[in-house]
Amino acid sequence: NAGVTQTPKFQVLKTGQSMTLQCAQDMNHEYMSWYRQDPGMGLRLIHYSVGAGITDQGEVPNGYNVSRSTTEDFPLRLLSAAPSQTSVYFCASSYREFNYGYTFGSGTRLTVV
Amino acid sequence: SQQGEEDPQALSIQEGENATMNCSYKTSINNLQWYRQNSGRGLVHLILIRSNEREKHSGRLRVTLDTSKKSSSLLITASRAADTASYFCATDAPRNTPLVFGKGTRLSVIA
């Protein structure tokens with residue numbers, strides 16, 4: 001099993017550009033989340049999903065959109081990139097409820113200039 | 001908002017020594033989890049302890065949970081250079097919402 005796959009691994013965007021960070025898992029996990037990690041801030045939740053067709057906002061959702069059309073995929077869209085969105089983004093999935101161990105992707109390092 | 005807070009923020013020890021990291025949290029939990037993150041990599045799940053458990057072991061890892069003090073500790077025994085990483089505690093929020101992570105403890109194990 002590949003686990004959780006995130007693409008791309010690195011990306012540089014100009015302010016105002018949009019892009020989609022991809023996340024795919026092959027473990028048939030229903031629960032998926034997006035976090036961002038900034039120095040000294042730990043991980044902060046952006047959006048999450050408890051199953052196909054169901055998404056909800058986390059702690060820092062502004063400037064991001066998500067959709068969950070299939071169990072496997074949970075893309076994160078940056079609508080109009082800003083320097084404040086420079087961060088490392090992690091996708092994570094979990095079997096059944098969120099209070100099981102998470103499997104994390106390897107992350108996408110995004111720089112907005 | 002952070003639920004868990006790890007202490008210390010950074011820890012440096014010699015290979016072979018034990019490393020202890022602590023986590024305090026604010027509200028009632030169903031379970032608490034510990035994760036490791038090597039530099040530039042994703043987080044890896046280490047261990048989960050439920051609120052009705054007081055201690056759990058996994059290899060060289062020992063986790064304790066004191067719900068009356070709202071705190072947990074992670075002990076790594078006989079540390080190795082490969083244990084150098086950041087360690088995060090995470091707690092479950094209300095049911096069916098994702099884990100909330102602390103800011104982590106950076107552990108350096110010097111050979």
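Order of the sequence lines fixes the chain letters, A, B, ..., with proteins taken first and strands second; residue numbering starts at 1 for each chain.
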Measure the spacing between [atom1] of [X] and [atom2] of [Y] and express it to the nearest 0.5 Å.
X         : Y        : atom1 : atom2 : result
Phe104(A) : Arg41(B) : CZ    : CZ    : 14.0 Å
Tyr102(A) : Leu48(B) : OH    : CG    : 11.0 Å
Tyr31(A)  : Leu99(B) : OH    : CG    : 12.0 Å

In terms of hydrophobic clustering (I, L, V, M, F, W, Y; side-chain heavy atoms under 4.5 Å; direct or indirect links), are [X] and [Y] co-clustered?
X        : Y         : answer
Ile47(B) : Ile76(B)  : yes
Val44(B) : Phe101(B) : no
Leu61(B) : Leu11(B)  : yes
Phe10(A) : Tyr89(A)  : no

Applying a strict 4.5 Å limit to non-hydrogen atoms, the region of Glu6(B) in contact with chain A is neither
For Glu53(B), look at atom CD and say whether over 12 heavy atoms of other residues, nucleotides or ligands are found less than 6.0 Å away.
yes
| query | Are there more than 12 heavy atoms of other residues, nucleotides or ligands under 6.0 Å from atom CZ of Arg80(B)? | reply | no
Of Leu45(A), Leu43(A), Asp56(A), the one forming a side-chain contact (heavy atoms from CB on, under 4.5 Å) with Pro98(B) is Leu45(A)
Here the pair of heavy atoms bringing Phe90(A) nearest to Gln37(B) is CZ-NE2, 3.4 Å
When the 4.5 angstrom heavy-atom criterion is applied to Gln37(A) and chain B, the contacting part is side chain
